Amino acid sequence: MTILLNADLHCHSTVSDGTLMPEALAARAHANGVQLWALTDHDEIAGQQRAIAAAHALGLDYLTGVEVSVTFAGTTVHIVGLGFDADDAQLAAGLLATRGGRGERAQEMARQLAQVGIQDAYAGALRYVGNPELISRTHFARYLVETGVCRDTGEVFRRFLTEGKPGYVEHRWARLGDAVRWIRDAGGLAVIAHPGRYRFTPTEEYALFSEFTQHGGQGVEVVTGSHLPSEYPIYAGMAQEFGLAASRGSDFHSPDESHTDLGALPDLPGQLTPVWALLQPRILRAPRT
Ligand code: AMP
Ligand code: MN
Ligand code: MN
Ligand code: MN
């Protein structure tokens, strides 16, 4: 299959921290010319059946998707899973456990924010939550923008929700090897999401790619809305060095917040193997009429 496919294999719905429902995302992807789509909500696959139905109603091919939160070298790393069996019990249990601590964490975030004068952040964030098991920093960010504390969500993260800032709560997510195993055992392909976003030293980054590959991970995001264009060639090089297939996705969350729209990305560099070449048998093809 051609590398010149408009594949968008990373985005979020109201099932995690996106603002559009799976059906609206499918329509937007289709309108933007996407030919192969995956919905990759954080730690949750409850939107998959809706996404498949909406995609197929539009004639859009689909891969199942998820973005798993992992703790690696003391940092949060995201692993995207693609093309897995959405009925797999081990994957479902792993994701349930990964989501498990979010409620407590959110309450602690609200306690810290109250100490710097921001009241009722837990209830405020909850109003933006579409899935009660999936309260995330993004929902707090929306509340702080709504109340005028910050101008946009980027400012909220800079001032409040990142390491060392009031409102940041250390959290232990899934282990790298477990996340890769859940995805692989369910028949899917594991992908390192937006590696350019982690503030790793070169040694730590090398360790992430090595361990990920040893655990059976097979892909890395190269062209993503969460990378600067200057990072595409860097991670194209890493893909080749580690023998990984390359993925492409907008990481779209919201028309108001995301600067990269669904499908609005450059093509993958030509020398790479796209993940969709390895996932051919896993693609859920739209009925051709
Ligand atoms: P959580 O899973 O609760 O830790 O929230 C992580 C989510 O916060 C990410 O998936 C992004 O959607 C969002 N996020 C993280 N950092 C930033 C940032 N600097 N600006 C805007 N959104 C961010
Ligand atoms: Mn997110
Ligand atoms: Mn991510
Ligand atoms: Mn994402």
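Small disclaimer: the values here were computed from a predicted structure and weren't measured.
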*Check ring-ring contact (aromatic ring centres under 6.0 Å, His included) between H227 and all other residues, then give those that pass, not counting sequence neighbours.*
Y235
*State whether R142 and E146 are salt-bridged, where the test is any N-O pair (Lys NZ or Arg NE/NH1/NH2 against Asp/Glu carboxylate O) under 4.0 Å.*
no
_Using modelled atom types and a 3.5 Å cut-off, is there a donor and acceptor pairing between side-chain atoms of T14 and backbone atoms of T19?_
no
*Looking only at non-hydrogen atoms, find the nearest pair between Y62 and A38 and report the distance.*
CE1-CA, 3.8 Å
*Is a donor on one side and an acceptor on the other found under 3.5 Å between the side chain of Q48 and the backbone of L39?*
yes
*Is it the case that more than 12 heavy atoms not belonging to R175 sit under 6.0 Å from its CZ atom?*
no
_Could you check whether any side-chain N or O of S258 sits under 3.5 Å from a backbone N or O of H253, counting only pairs where one atom can act as donor and the other as acceptor?_
yes
*asked:* Under a 4.0 Å threshold between the charged nitrogen and the carboxylate oxygen, would R285 count as salt-bridged to D61?
replied: yes
*Considering all heavy atoms of both residues, which atom of G217 and which atom of L244 are nearest to each other, and what is their separation?*
O-CD2, 3.6 Å
*Give a yes-or-no answer on whether the side chains of E67 and H78 include a donor-acceptor pair shorter than 3.5 Å.*
yes
*Check whether any side-chain N or O of N131 sits under 3.5 Å from a backbone N or O of S16 as a donor-acceptor pair, and report yes or no.*
no
_Test your reading of the model: is there a side-chain donor-acceptor pair from D88 to the backbone of L91, 3.5 Å cut-off?_
yes
*Closest approach of T260 to G225 (non-hydrogen atoms, all atoms of both residues)*: OG1-CA, 3.5 Å
*Flag yes if more than 12 heavy atoms outside R172 fall under 6.0 Å of its CZ atom; otherwise flag no.*
no
*What residues, two or more places apart in sequence or in another chain, satisfy side-chain contact (heavy atoms from CB on, under 4.5 Å) together with A46?*
V15, E44
*asked:* With ring pair (Phe, Tyr, Trp, His ring centres under 6.0 Å) as the rule and sequence neighbours excluded, what pairs involving residues 137-181 come up?
replied: H171-W173
_Test side chain to side chain contact (heavy atoms under 4.5 Å, CB included) applied to C11 and D251, step by step_ = CA-CA 4 Å; C11 68; D251 206 359; over 6 Å; no
*asked:* Which heavy atom of R99 sits nearest to which heavy atom of D43, and what is that distance?
replied: NH1-O, 2.8 Å
_E231 (side chain) donor-acceptor with L228 (main chain) under 3.5 angstrom_ = yes
*Please list all pairs passing the salt bridge (charged side-chain N to carboxylate O under 4.0 Å, His left out) test where one or both residues lie in residues 23-32, with sequence neighbours left out.*
E23-R50, R28-D261
*Using a strict 4.0 Å threshold on nitrogen-to-oxygen distance, state whether R199 and E204 make a salt bridge.*
no
*Pick one: which of T224, N6, D8 meets side-chain hydrogen bond (donor to acceptor under 3.5 Å, both in side chains) with R248?*
N6
*asked:* If you compare all heavy atoms of D41 against all heavy atoms of V66, which two are closest, and at what distance to 0.1 Å?
replied: O-CG2, 3.5 Å
_Spatial distance of atom CZ (R127) from atom CG (D120) [nearest 0.5 Å]_ = 9.5 Å
*asked:* Do the side chains of E155 and R158 get close enough for a salt bridge, i.e. N-O under 4.0 angstrom?
replied: no
_Between S136 and T138, a side-chain donor and acceptor under 3.5 Å_ = yes
*Quick check: does any side chain N or O of E221 sit under 3.5 Å from a backbone N or O of P195, one acting as donor and the other as acceptor?*
no
_Same apolar cluster (I L V M F W Y, side chains within < 4.5 Å links), F84/L36_ = yes
*R282 with D85: basic N within carboxylate O range, under 4.0 Å*: no
*Going from CD on Q107 to CD on E104, what distance comes out if it is rounded to the nearest 0.5 angstrom?*
6.0 Å
*asked:* For H12 and H42, take the angle between the two ring planes, folded into 0 to 90°, and tell me which bin it lands in: parallel under 30, tilted 30 to 60, perpendicular over 60.
replied: parallel
*Kindly write out the residues that satisfy side-chain contact (heavy atoms from CB on, under 4.5 Å) with Q49, not counting sequence neighbours, or none if the list is empty.*
I52, A86
_Please enumerate all residues that pass side chain to side chain donor-acceptor pair (under 3.5 Å) together with R137, with sequence neighbours excluded._
none
*Please step through salt bridge (charged side-chain N to carboxylate O under 4.0 Å, His left out) for the pair R111 and E108, ending with a clear verdict.*
CA-CA 5 Å; R111 278 191 286 274; E108 179 56 28; 3.0 Å; yes
*asked:* Can you tell me how far apart CD (E205) and OH (Y198) are? Round to the nearest 0.5 Å.
replied: 10.0 Å
_Any donor-acceptor N/O pair, N32 side chain to V34 backbone, under 3.5 Å_ = no
_Tell me the closest heavy-atom pair linking I183 and G81, and the distance in Å._
CD1-CA, 3.6 Å
